[in-house]
Number of protein chains: 2
Amino acid sequence: MLNKSDCQKCSNDKNSIFKLLNKQERSVFENNKQCTSYKKNEIIFKEGDMPSGLICLCSGKVKLIKEGVGGRDQIIRMENSVNFIGFRALFAGEHYIASAVAIEDCTLCYLEKKTLDKLIRANGSFALKIITILAKELGVSNERTLSLTQKHIRGRLAESLLVLINTFGYEDDGKTIKVYLSREDLANLSNMTTSNAIRTLSMFASEGVISIEGRRLSVEQFETLKNISSLG
Amino acid sequence: MLNKSDCQKCSNDKNSIFKLLNKQERSVFENNKQCTSYKKNEIIFKEGDMPSGLICLCSGKVKLIKEGVGGRDQIIRMENSVNFIGFRALFAGEHYIASAVAIEDCTLCYLEKKTLDKLIRANGSFALKIITILAKELGVSNERTLSLTQKHIRGRLAESLLVLINTFGYEDDGKTIKVYLSREDLANLSNMTTSNAIRTLSMFASEGVISIEGRRLSVEQFETLKNISSLG
DNA sequence: TTAAATTTGTGTTATAAAACACGTATATTG
DNA sequence: CAATATACGTGTTTTATAACACAAATTTAA
């Protein structure tokens, strides 16, 4: 367990929902949160586990992965800090439907469900904010279902790259995607086999849309990538 | 516009979330709601429209349909009364991402967003209930994505039939699914072409799993149907 | 610093499901 | 009621993508 001071991002980040809390509510949060850390490739929680509190990813990156039919895993979401993970199951009162795996060293902090509920009941703006987050996420999920079921391989992979850009942004060169995934992860994110992810990725490279250096992917033609994604 | 008394189900239904409101809040709701009706096949709202309030489906059945790649529509949800429709977009503050179409004559009632927000801010249990509904729905959507992308045709169609049973139940005979859809709708719900829905449906019938009389589908072997669904 | 394991890359084959074509049955409408 | 549109049913062909196989490169561990 880390010292609380190691993990201030969850409340100080510019987009933190905890900024909606008043001084007194804020101190309830600060006094009850617990901080911890995970190394790269460690499992933060497992599909089927029961959540017991709200987890905020303060630093590092996480993949949320779901076991599919016949061992074909599906990455249902990539999460960057500072953001929550596993809140869906918590709010639904259900078991986790996906496992969270650190793809980089992570620090995260944890707030008991009981305390969270207290804050939601006490602060209507806070409640409405959570409602908005869930509703937006549901929209993303519905759109994703359509993409993964109807787009062709190229469209699905292009879309995944756009999602990664959106979630993690670029390195300082302004074109290298700031996350380094295996081809298998890219495949599980795009609902295809690893071989097809590899093949399609090199097609993109040979067309000049991206350039590749191992797991380092740089976007050379953003508009083309968007076109490939939207044309299916 | 119908008289308010035509539409009491939204607050009197045994599962109505409005039962969480106190007397005073309840009267705010009753005094502000507006009731209306739609005929079979009428469009209640269109994908791209901006929602302006909460819609409660008091009687009738609705399909929520999303335009796909190259005109291949996808039914993202079937809704029975008494339940809300279009609340995702409302809470997200976004445009509708699907159209709602009456598949039977419907009555519905409508509550302005402003009034709804007031109730959410005022009543923490009400807020938490909405959070739970959204979180559960997000879980359903995530599971659905996996099924539609990884299960084979038979598994997808079997799952759709189970969803329909779950949503609409059986007729008095205890085996006929209480909703009557075209083969095209069944296909759009199961992410397949109409021909494949027809073919697979008759396969199920010839195997004795279901029996068919036009759009009337009766489940003869529920456990087998569940097996087909889960084995992919 | 080798050896083993994992990841990446590429070509070939197999297959599930779409696309197409067309006939029949059932609704809808003038 | 006839005429037309819509929905249903079935066989055939095509195709996108999975499955398989295996080599090379890279990483991890011994």
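Below, read A as the first sequence line, B as the second, and so on, with proteins coming before strands; counting in each chain starts at 1. Here the structure is a predicted model, which means the values were calculated and not measured.
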What is the distance from [atom1] of [X] to [atom2] of [N], rounded to the nearest Å?
X: A/K151; N: D/dT15; atom1: NZ; atom2: C1'; answer: 21 Å
X: A/I212; N: C/dT8; atom1: CD1; atom2: P; answer: 11 Å
X: A/F204; N: C/dG9; atom1: CZ; atom2: P; answer: 15 Å
X: A/R72; N: D/dC20; atom1: CZ; atom2: P; answer: 12 Å
X: A/L157; N: D/dT17; atom1: CG; atom2: C1'; answer: 14 Å
X: B/L201; N: D/dT10; atom1: CG; atom2: P; answer: 11 Å
X: A/R154; N: D/dT17; atom1: CZ; atom2: C1'; answer: 14 Å
X: B/M203; N: D/dC8; atom1: CE; atom2: C1'; answer: 18 Å

Output yes when a side-chain donor or acceptor of [X] lies under 3.5 Å from a complementary backbone atom of [Y], and no otherwise.
X: A/E143; Y: A/V140; result: no
X: B/S16; Y: B/N12; result: no
X: B/S99; Y: B/E47; result: yes
X: A/N83; Y: A/N80; result: yes
X: B/Q150; Y: A/R72; result: yes
X: A/E79; Y: A/K61; result: no
X: A/R183; Y: A/A197; result: no

Query - Strand-adjacent residues in residues 177-198 of chain B, judged by heavy atoms under 4.0 Å from DNA chain C - result: B/N191, B/M192, B/T193, B/S195, B/N196
Report summary line: Considering only heavy side-chain atoms of A/H152, the closest of D/dA16, D/dT10, D/dA18 is D/dA16
Report task. Output the single nucleotide from C/dA18, C/dG11, D/dA18 whose closest atom is nearest the side chain of A/R199. Result -> C/dG11
Query raised in the report: How would you label the contact of A/R156 with the nucleic acid (heavy atoms, under 4.0 Å): base, sugar-phosphate, or nothing?
Result: sugar-phosphate
Requested in this report: Classify the nucleic acid contact of A/R215 as base, sugar-phosphate or nothing, counting any heavy atom under 4.0 Å across all strands shown.
Outcome: sugar-phosphate
Report task. For the helix from C/dT1-D/dA30 to C/dG30-D/dC1, figure out the bend between the end axes, five pairs an end, and round to 10 degrees. Result -> 50°
Query raised in the report: Is the closest side-chain donor-acceptor distance between B/Y170 and B/S218 under 3.5 Å?
Result: no
Requested in this report: For residues B/T167 and B/M78, report the shortest heavy-atom separation together with the two atoms involved.
Outcome: CG2-O, 3.7 Å
